[in-house]
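The next block holds one structure in the form of structure tokens; read it before the comments.
Lettering of chains follows the sequences in order, A, B, ..., and the numbering in each one begins at 1.
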Protein chains: 2
Amino acid sequence: MSSAQHLPRSQIRIGDLARRAGVTVATLRFYESRELIFSTRTSGNVRIYPLHTLRRVAIIAAGQRVGLTLTQIAEALADLPKDRAPSQQHWEELSSKWKMLVDQRIAQLHSLRDSLDGCIGCGCLSTTKCSLFNPQDEAAAEGPGSRWIRNFDADFGPHES
Amino acid sequence: MSSAQHLPRSQIRIGDLARRAGVTVATLRFYESRELIFSTRTSGNVRIYPLHTLRRVAIIAAGQRVGLTLTQIAEALADLPKDRAPSQQHWEELSSKWKMLVDQRIAQLHSLRDSLDGCIGCGCLSTTKCSLFNPQDEAAAEGPGSRWIRNFDADFGPHES
DNA sequence: CAACAAGCTCTAGTTAGCTTGAGCTCAAGC
DNA sequence: GCTTGAGCTCAAGCTAACTAGAGCTTGTTG
């Protein structure tokens, strides 16, 4: 089971896929368990991936870069054919969608930056007055670890400390 | 231990703090365990926070919005006085630093978007030519290949701030 | 034929940021 | 004097995306 001499060029075993895709074999098995990629097995139960899985893994990485969770990526990938490389049209749809998400995220960060800008001179940090603490851009809480600001319902009261 | 009649206005119990800050009491206790906020105790072991803790919590939320981890936020907060509200200068320093981080992040997203832009018209999905997919694939030849995606976010960290 | 590399499954651990729940105390009100 | 509500501690659980390790199989090679 070492070098893939007997495999058609269009197929690849997990170790080679991992090396070429730049992830670990464990990650690939994990992706497979999450149904992001698919394999067949040899008689000896060894995973065999179609070569274009390489592309799928690349798309997964791209999706993560965009800020999507694996679940969201899985949904996107579900629209792609499992048995061959995605067509140009497939990819165009996906990448335009993702581009829009990046654009949105950029816009959010711009408004966050503006808030910080405003705050620098201000320093009030008032939950009622300060734009930093009153974002109008309802945000997609992104990943674990980064909750978006929540609504501060009250101000600091009549007697600011 | 119900309504805070007997507390000075400058102090606040955890329940009220939670309500006014828009987080749960559990979260506040968690923040305290992480040394992001501090309390004294009554004879009955009840936490008493200085009122300006409200501001500290607001700053924590702002830091999260910027994309910092609680550890990074704790470092930033360590420069603020524990016993009173931060001065305007404190806040100016903090918010300018954070603004720079947001700017960096925006720049990163811009380059990501440019990659996607390039990819949309291209559709090649070529692992050799496409700037978005450019792992060390295909030219699988070892050697200093393209650094890619996965290290993209790596330098948004606390390293020296 | 034995060694060894590559694969396999399954379970558990990691980090971050909380959340949930059990079980207990304390002070006030009816 | 008992219920109620707010608090307390400690422990465990959760989600995401993996990582690590034990223990076993498979298949090629010297």
Side-chain angles (χ1 to χ4, degrees), chain A residues 1-7 11-37 39-49 57 60-61 63-75 140-150, chain B residues 1-7 11-37 39-49 57 60-61 63-75 149-150 153-154 156-158:
Chain A
M1 228 189 257
S2 58
S3 52
Q5 299 312 336
H6 57 301
L7 273 183
Q11 305 192 321
I12 190 170
R13 281 171 305 113
I14 200 167
D16 291 334
L17 179 56
R19 237 176 328 93
R20 292 179 59 181
V23 301
T24 68
V25 298
T27 298
L28 290 176
R29 284 196 275 251
F30 175 71
Y31 285 170
E32 194 173 328
S33 78
R34 297 287 306 268
E35 305 204 286
L36 289 152
I37 59 176
S39 67
T40 53
R41 302 292 181 109
T42 64
S43 55
N45 199 34
V46 170
R47 285 176 179 83
I48 298 294
Y49 295 99
V57 177
I60 294 168
Q64 289 185 307
R65 230 179 131 181
V66 168
L68 302 176
T69 64
L70 288 186
T71 304
Q72 294 170 321
I73 294 170
E75 279 168 30
E142 68 182 75
S146 189
R147 294 284 158 103
W148 218 249
I149 206 161
R150 29 245 153 173
Chain B
M1 237 187 250
S2 56
S3 52
Q5 297 315 334
H6 55 301
L7 273 184
Q11 305 192 324
I12 191 170
R13 280 172 306 109
I14 199 167
D16 290 334
L17 179 56
R19 236 185 336 91
R20 293 178 60 179
V23 300
T24 68
V25 296
T27 298
L28 291 176
R29 284 195 275 251
F30 175 70
Y31 285 170
E32 194 173 328
S33 78
R34 297 287 305 268
E35 305 204 286
L36 288 153
I37 58 176
S39 67
T40 52
R41 302 294 181 106
T42 64
S43 54
N45 201 32
V46 171
R47 285 175 179 83
I48 297 295
Y49 295 99
V57 177
I60 293 168
Q64 288 185 308
R65 234 184 128 184
V66 168
L68 301 175
T69 65
L70 288 186
T71 304
Q72 296 169 327
I73 294 170
E75 279 167 31
I149 301 179
R150 295 190 177 260
D153 281 346
F156 192 52

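Counting to the nearest Å, the C1' atom of D/dA17 and the CZ atom of A/Arg65 are 19 Å from each other. Rounded to whole Å, atom P of D/dA17 lies 9 Å from atom CG of A/Leu36. The separation between A/Tyr49 atom OH and C/dA6 atom P is 16 Å, rounded to whole Å. Between the CD1 atom of A/Ile37 and the P atom of D/dC18 there is a distance of 12 Å, given to the nearest Å. The distance between atom CG of A/Leu68 and atom C1' of D/dA17, rounded to the nearest whole Å, is 14 Å. With rounding to whole Å, B/Gln72 atom CD is found 8 Å from C/dG17 atom P. When the C1' atom of C/dG17 is taken as reference, atom CD1 of B/Ile60 falls 12 Å away, rounded to whole Å. In this structure, CD1 of B/Ile12 is placed 15 Å from C1' of D/dG7, rounded to the nearest angstrom.
For C/dG7, the OP1/OP2 oxygens have a side-chain nitrogen or oxygen of A/Arg13 closer than 4.0 Å. Applying the 4.0 Å criterion to OP1 and OP2 of C/dC18, one finds that B/Gln64 has a side-chain N or O inside that range. At the phosphate of D/dA17, neither OP1 nor OP2 sits under 4.0 Å from any side-chain N or O atom of A/Tyr31. For the OP1/OP2 pair of D/dA17 and a distance below 4.0 Å, the side-chain nitrogens and oxygens of A/Thr27 include no atom meeting the criterion.
Residue A/Tyr49 comes nearest to A/Glu32 through the heavy atom pair OH-OE1, 2.5 Å, listed as atom of the first residue, atom of the second, then distance. Contact detail for A/Ile48 and A/Thr42: the closest heavy-atom pair is CG1-CG2, 3.4 Å. Nearest heavy-atom pair across B/Ile60 and B/Ile73 is O-CD1, 3.5 Å. When every heavy atom of B/Ala21 is checked against every heavy atom of B/Val57, the shortest pair comes out as CB-CG1, 3.8 Å. Shown here for A/Gly15 and A/Val25, the closest heavy-atom pair between the two residues is CA-CG1, 3.9 Å.
One finds the OG atom of A/Ser39 at 7.5 Å from the CD1 atom of A/Ile14 (value rounded to the nearest 0.5 Å). With values rounded to the nearest 0.5 angstrom, B/Thr69 atom OG1 is found 7.5 Å from B/Glu75 atom CD.
Between B/Thr71 and B/Ser43, the residue anchored closer to the 5' end of DNA chain C is B/Thr71, taking for each the nucleotide with the nearest heavy atom. Nearest-nucleotide mapping onto DNA chain D: of A/Thr42 and A/Ala26, the residue sitting toward the 5' end is A/Ala26. Two residues, A/Thr24 and B/Gly15, neighbour DNA chain D, and the one matched to the more 5' nucleotide by heavy-atom proximity is B/Gly15.
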* To do: Please test B/Thr24 against B/Arg29 for side-chain contact (heavy atoms from CB on, under 4.5 Å), starting from the C-alpha separation and ending with a verdict.
  => CA-CA 9 Å; B/Thr24 68; B/Arg29 284 195 275 251; over 6 Å; no
* **Worked verdict on B/Arg41 versus B/Arg47 for side-chain contact (heavy atoms from CB on, under 4.5 Å)** => CA-CA 5 Å; B/Arg41 302 294 181 106; B/Arg47 285 175 179 83; 3.3 Å; yes
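Legend: residues meeting side chain to side chain contact (heavy atoms under 4.5 Å, CB included) with A/Ala74, ordered by chain and number and at least two apart, are A/Leu36.
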Nucleotide N/O to protein N/O under 3.5 Å, stretch nucleotides 8-11 of chain D:
{"residue": "D/dC8", "atom": "OP1", "partner": "B/Arg47", "partner atom": "N", "Å": "2.7"}
{"residue": "D/dC8", "atom": "OP1", "partner": "B/Arg47", "partner atom": "NH1", "Å": "3.0"}
{"residue": "D/dC8", "atom": "OP2", "partner": "B/Arg29", "partner atom": "NH1", "Å": "2.5"}
{"residue": "D/dC8", "atom": "OP2", "partner": "B/Arg47", "partner atom": "NH1", "Å": "3.4"}
{"residue": "D/dC8", "atom": "O5'", "partner": "B/Arg47", "partner atom": "NH1", "Å": "3.4"}
{"residue": "D/dC8", "atom": "O3'", "partner": "B/Arg41", "partner atom": "NH1", "Å": "3.3"}
{"residue": "D/dC8", "atom": "O3'", "partner": "B/Asn45", "partner atom": "ND2", "Å": "3.4"}
{"residue": "D/dT9", "atom": "OP1", "partner": "B/Arg41", "partner atom": "NH1", "Å": "3.1"}
{"residue": "D/dT9", "atom": "OP1", "partner": "B/Arg41", "partner atom": "NH2", "Å": "3.1"}
{"residue": "D/dT9", "atom": "OP2", "partner": "B/Arg47", "partner atom": "NH1", "Å": "3.0"}
{"residue": "D/dT9", "atom": "OP2", "partner": "B/Arg47", "partner atom": "NH2", "Å": "2.9"}

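Within the helix from C/dC1-D/dG30 to C/dC30-D/dG1, the inter-axis angle between the opening and closing five-pair segments is 30°, rounded to 10°.
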